[in-house]
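Sequence lines set the chain letters: A, B, ... in the order given, protein chains first and strands last, and positions in each chain run from 1.
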Number of protein chains: 2
Amino acid sequence: MPDSEYRDIRKLDLFAQMADDNFTSLMRGAYVQNFPAQIELITEGEPSDFLHIVISGSVDLFSAWNGRDTSMATVRPISTFILAATIKDAPYLMSARTLEKSRIALIPSQDVRAIFDADNNFARAIVTELAQCYRSVIKAQKDLKLRTSLERLANYLLRQQRHAGGRAAFELNFEKRRLASVLGMTPENLSRAFKGLQPYGVVVTGTHITIENQADLERFAKPNPLIDDFSA
Amino acid sequence: MPDSEYRDIRKLDLFAQMADDNFTSLMRGAYVQNFPAQIELITEGEPSDFLHIVISGSVDLFSAWNGRDTSMATVRPISTFILAATIKDAPYLMSARTLEKSRIALIPSQDVRAIFDADNNFARAIVTELAQCYRSVIKAQKDLKLRTSLERLANYLLRQQRHAGGRAAFELNFEKRRLASVLGMTPENLSRAFKGLQPYGVVVTGTHITIENQADLERFAKPNPLIDDFSA
DNA sequence: CCGGGTTTTTGATCTGAATCAACCATTCCG
DNA sequence: CGGAATGGTTGATTCAGATCAAAAACCCGG
């Protein structure tokens, strides 16, 4: 692993406060690999052998049942995924696949659990991380149960806009069909939903979005920090 | 607080392994109160002043937005709720109200955070608890995104049956209209959904359910441990 | 620049579920 | 005992969103 990556991982909240030699020993057992796009990294139901860290690229967490499937979340650099399964030594609840060419670090779960037992700062960091993850899912759940698909899209655009710097024009960083799955709708419906937001000043050109009337869109979307603020 | 309650709380996974004097000091700052039914204990958006423990009765966690509201979960004795908000010192994401006359212990959040910093066993227990909570919400999310309302009801009945001992006949422990909200549908629809399960041998009389053809219902419901197994 | 493959859009139709409205059952209380 | 709440069911209608089918736009590799 290049030194710069090593340092980037070290800087993650999860690892920042832990003892040097514990971090080193975690990393010693880690694999780093490049994967092409569309590779299934893990499959739901399997034992959680590795904690994964996305170093570059992006990863889709999804789940399937009875012939249907749905996108649960997208992981972007630099962050970890399936921490809860690793800690509980329980089967994965979601599958993961690369969306694009991605570089992934794999840390054996048993190493994570061992260091978790030994390093109190690491254990504390895990608490914070899990609390964060938990709250994010609750927000997603609220988004899903309390809003229509049009409202979900409107709020998604506002979030993405903020994330991209807050200017009126910005890029979607998803393929539309995956965005549809994330938002819990079909691609056809997403296409129509974009149309449905035109009256509120949303202009779509490919992956390029322009919000021509911020106030109008916000009046419709009614964004709420208890649902949309990912940091809090 | 009566001694028996004190010992019951102590036995919770969350507190079982922590040092005696830390537990004692947590409990010293705690209030225990009896609440009537339908009292709003906490309101989403407010700062998380207390970690709550349901000693008896039951509590509904729900959330509202733009005039709609939805039931997120039900907490039954003996367990805690809003641990994540307490730990992160962040606002509640959900409101809570008693469903029936309930006895609730309130532990000041700052005490919890202080002991969390001081007691490593407690910190570890919190990790396990949060990982469990996280996985539960992910399962709920999958249930919601991957299943129709009829399928959700069928699987709910199977879970409840198992929970009640596995016999063909058992009681719903919810009011139907709240069950509807939990399952993400309207009361009218729930009523019709029960009808819709008749062909699979489900007989409903008030809150009394009989599953006359277990195999048929399971064939339809396709229960899956990665969604329905609450313990794993 | 062409051709074959995606992804996206559009249109038509169908369906699950919400809504609206009325009705029934029960409980609870003066 | 009557009658007002409350919770539950039923029926009719509406609506959001899924599905099916096909056209259009896009993206590359050759």
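Ring centers of B:Tyr134 and A:Tyr134: at least 6.0 Å apart, outside the cut-off.
In this structure, A:Gly196 reaches neither bases nor backbone, as no heavy-atom distance under 4.0 Å exists between it and the strands shown. Using a 4.0 Å heavy-atom criterion, one finds that A:Ser149 contacts the sugar-phosphate atoms exclusively. Backbone-only contact: B:Glu175 has heavy atoms under 4.0 Å from sugar-phosphate atoms and none from a base.
Among the nucleotides D:dG7, C:dA17, C:dT6, the one closest to any side-chain atom of A:Arg177 is C:dT6. Distance from the side chain of B:Glu188 is smallest to C:dT19 among D:dG7, C:dA17, C:dT19. Closest to the A:Asn189 side chain, of the nucleotides D:dA21, D:dG17, C:dT19, is D:dG17.
Side-chain contact between B:Gln161 and B:Ile211 is present, with at least one heavy-atom pair separated by less than 4.5 Å.
Atom CZ in B:Arg147 sits roughly 18 Å away from atom C1' in C:dA17 (whole-Å rounding). What separates CG of A:Leu172 from P of C:dT8 is a distance of 10 Å, to the nearest Å. C:dT9 atom C1' lies 12 Å from atom CD of A:Gln198, rounded to whole Å. As rounded to whole Å, 17 Å separates atom C1' of C:dG16 from atom CE of A:Met185. Taking atom CG on B:Leu144 and atom C1' on C:dG16, their separation rounds to 14 Å, with Å as the unit. Distance NZ (B:Lys176) to P (D:dT9): 4 Å, rounded to an integer number of Å. Here the P atom of nucleotide D:dA18 and the CZ atom of A:Arg68 are 12 Å apart, to the nearest Å. One interatomic measurement links the two molecules: CG of B:Leu99 to P of D:dT6, which rounds to 17 Å at whole-angstrom precision.
When all heavy atoms are compared, the tightest approach of B:Glu44 to B:Leu93 is OE1-O, 3.2 Å.
Judged by distance alone with a 3.5 Å cut-off, a donor-acceptor contact links the side chain of A:Arg192 to the base of D:dT19.
The cationic atom of A:Arg219 (NZ for Lys, CZ for Arg) does not lie both less than 6.0 Å from the six-membered ring centre of A:Tyr200 and within 45° of the ring axis.
The phosphate of C:dA17 has neither OP1 nor OP2 within less than 4.0 Å of any side-chain N or O from B:Thr186.
Ion pairing between A:Glu151 and A:Lys222 fails under the 4.0 Å rule for side-chain N and carboxylate O.
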